[in-house]
Number of protein chains: 2
Amino acid sequence: MGIRIHDVAARAGVSVATASRALSGQRGVRAENREKVLLAARELDYEPNSLAAALRSRTTHTVGMLVPRISNPFFATLVEAVENRLQLGRRSLLLTSSHYDPEAEQSQVRALLDRRVDALVMIPCHRERSIEVMTTAAARVPVVQLDLRVNGFAGTWVGVDGEAGIAAVVHHLAGRGVTRTAFVGAEPTDSSSQERLDAYRRLAGGSVLLGDFSRDWGKEAAGRLLEAGSLPEGIVCGNDTIALGMLAELARRGVRVPEDVRVTGFDDIPYAELGQPSLTTVRQPQEQMAAEAVRVLAARLAGEEAPAQRIAISPSLVVRASG
Amino acid sequence: MGIRIHDVAARAGVSVATASRALSGQRGVRAENREKVLLAARELDYEPNSLAAALRSRTTHTVGMLVPRISNPFFATLVEAVENRLQLGRRSLLLTSSHYDPEAEQSQVRALLDRRVDALVMIPCHRERSIEVMTTAAARVPVVQLDLRVNGFAGTWVGVDGEAGIAAVVHHLAGRGVTRTAFVGAEPTDSSSQERLDAYRRLAGGSVLLGDFSRDWGKEAAGRLLEAGSLPEGIVCGNDTIALGMLAELARRGVRVPEDVRVTGFDDIPYAELGQPSLTTVRQPQEQMAAEAVRVLAARLAGEEAPAQRIAISPSLVVRASG
DNA sequence: CTGAAAGCGCTAACAC
DNA sequence: GTGTTAGCGCTTTCAG
């Protein structure tokens with residue numbers, strides 16, 4: 001095969017141990033020798049075999065990430081932010097998706113563990129059924145739950161304060177004189193939908209329609225609200241995807257937004273701004289969430305002992321035309 | 001640490017060699033022994049160390065993927081499709097992004113190679129400046145270029161036939177009586193923008209505005225076209241993101257689409273349908289592209305010799321309200 | 001069909 | 001500071 005550390009050491013005229021130390025930037029190597037090693041490595045175009053290093057040192061400098069669906073723009077943004085943060089720490093990202101299937105989730109996590117990831121960033125797909133994966137994973141490596149959270153699992157979670165987000169929306173609508181509202185969300189199979197739904201019920205309490213986090217459901221719900229007779233003054237959607245579907249269908253049926261009804265979303269995905277009208281929504285600070293998640297893991301990997309925490313970042317309301 | 005293959009072999013009453021063969025599903029093991037090994041592995045909850053296996057066997061069952069930007073919904077969809085295909089073949093995905101920076105691209109690919117990926121799926125960020133990465137990468141492992149392609153690099157590419165896509169759009173517009181058009185695209189720093197621009201010039205030849213593949217540019221271009229005086233009858237956008245920005249800005253300025261001007265996109269990202277009006281665009285069959293890319297790599301890994309190919313999949317026109 | 005033994009390329013103990 | 005040596009846990013000859 002290619003060049004091995006042995007060759008580099010030979011060329012530099014030192015032992016492999018010294019070469020290894022120099023290459024990995026440890027101190028305890030005479031400056032002169034370090035230079036010689038680095039030079040030899042460059043001259044030989046040495047490519048370290050990180051597999052061998054990982055096998056011996058028991059660290060892969062790789063973090064696994066599991067998301068329900070990569071193409072969901074909200075998750076994709078989170079993946080990007082996590083990857084960016086990992087790059088800064090010279091770690092790599094092993095990415096996999098569960099497709100919202102707890103069984104697949106289990107086997108994907110298993111594959112990540114077989115690959116000896118140092119840590120795991122997980123967006124668990126199910127509020128309850130993901131508990132087993134989380135538990136077995138957390139028994140092996142540091143794990144942080146991102147965005148979504150598993151009921152009854154006592155591990156660190158980093159996400160947004162959903163209740164605060166809904167509160168901001170309700171408050172904002174109230175400030176515009178809107179009191180009669182409806183909530184169009186998703187069946188609470190994950191912690192976000194649960195939290196938003198609970199918050200809405202506690203803070204506003206109009207009628208509630210539950211489906212899934214999809215545009216199609218947003219459209220369907222629009223139809224149902226219209227067919228039910230009197231439209232509410234405000235429609236609080238569980239996320240932006242639903243809200244965009246809602247907006248499209250309302251427009252198609254000639255309902256004016258915000259004149260006839262105000263509509264709000266949640267997440268502030270990139271296309272929220274492009275809705276017609278542009279969407280008033282709750283912004284999740286994804287960069288910050290990802291940074292926090294990676295920071296927590298890095299600290300744990302650096303040997304820091306820390307109890308499980310709930311890191312709830314406050315979202316901000318983005319007021320645009322729709323609400 | 002945990003259970004090693006040694007323990008499994010001992011429990012099954014066979015040698016580690018036999019255990020290894022049974023676990024990896026090789027034939028040449030007596031059925032009875034295979035059962036015993038599998039049973040022992042299950043009972044002990046054996047987790048194979050794929051690092052050690054990879055070091056010895058020189059295969060990681062891991063594929064690296066490099067994209068310019070993960071959060072771009074078009075690339076995210078591609079990433080998802082590639083990951084799905086890899087899962088089917090029990091391979092993992094090591095994902096990284098270049099942020100459209102050829103230097104970062106270089107170092108990211110290097111990191112992937114250090115991790116001994118079996119193969120690489122690359123969306124090179126630059127039409128010309130990415131040639132060096134591609135060459136060095138291709139010298140080490142099978143590589144396929146996905147979507148974008150590097151000038152003068154003779155490696156396999158899987159993508160869409162951009163010219164055919166533009167032709168479909170131009171033809172469609174012509175069928176609606178639209179002859180005076182403009183093209184709003186991106187500076188041709190990558191092969192797609194180049195190809196679409198060239199195709200437009202060859203097939204239609206109205207005025208051309210070049211920026212980048214962003215909503216903001218779409219908005220700005222809308223302004224420029226309006227300020228230039230007479231609006232064309234049709235605006236062919238280089239991708240959907242530009243088109244959505246265009247649509248938003250035209251609406252803001254009171255220009256009606258498609259009555260006053262027809263607008264088309266390219267890619268058919270998920271939100272194309274949600275534009276107001278919904279966007280007529282060219283659909284890229286991303287599932288198929290990803291499947292093809294992974295298929296090509298798998299074949300190469302299986303030892304199949306094949307010359308570099310250009311696999312151009314025909315896109316389809318999706319006619320919606322805007323055009 | 002099975003087992004013994006030799007490494008894959010590196011890092012970490014342990015001596016010096 | 002530096003070198004020697006012993007593995008990390010697995011797969012793969014090579015004999016039998």
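Chain letters run A, B, ... following the sequence lines, proteins first, then strands; residues in each count from 1.
Atom CZ in A/Arg58 sits about 20 Å away from atom P in C/dG9, given to the nearest Å. Going from atom CG of B/Leu55 over to atom P of C/dC8 covers 9 Å, rounded to whole Å. The interatomic distance linking B/Asn33 (CG) with C/dG3 (C1') rounds to 12 Å, in whole Å. One interatomic measurement links the two molecules: CG of B/Leu23 to P of D/dT12, which rounds to 13 Å at whole-angstrom precision.
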Return all side-chain donor-acceptor pairs below 3.5 angstrom for residues 38-48 of chain A, not counting sequence neighbours, or 'none' if the list is empty.
| unit_1 | atom_1 | unit_2 | atom_2 | d |
| --- | --- | --- | --- | --- |
| A/Glu43 | OE1 | A/Arg11 | NE | 2.7 |
| A/Glu43 | OE1 | A/Arg11 | NH2 | 3.0 |
| A/Asp45 | OD1 | B/Arg110 | NH1 | 3.4 |
| A/Glu47 | OE1 | B/Arg140 | NE | 3.2 |
| A/Glu47 | OE2 | B/Arg140 | NE | 3.1 |

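The environment of B/Gln309 atom CD is dense: over 12 non-hydrogen atoms of other residues, nucleotides or ligands sit within 6.0 angstrom.
Side-chain contact annotation: A/Thr62 with B/Arg115, donor-acceptor N/O pair under 3.5 Å present. If you check the side chains of A/Asp190 and A/Ser193, you find a donor sitting under 3.5 Å from an acceptor.
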- Item | B/S/- contact track for nucleotides 10-16 of chain C, protein heavy atom under 4.0 Å | BBBB---

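Under the 4.5 Å side-chain criterion, counting only non-hydrogen atoms from C-beta, A/Ser92 is not in contact with A/His61.
Pairs of residues two or more places apart, or lying in two chains, that qualify as salt bridge (Lys or Arg N to Asp or Glu O under 4.0 Å) and include a residue from residues 63-81 of chain B are A/Arg69-B/Glu80, A/Glu80-B/Arg69.
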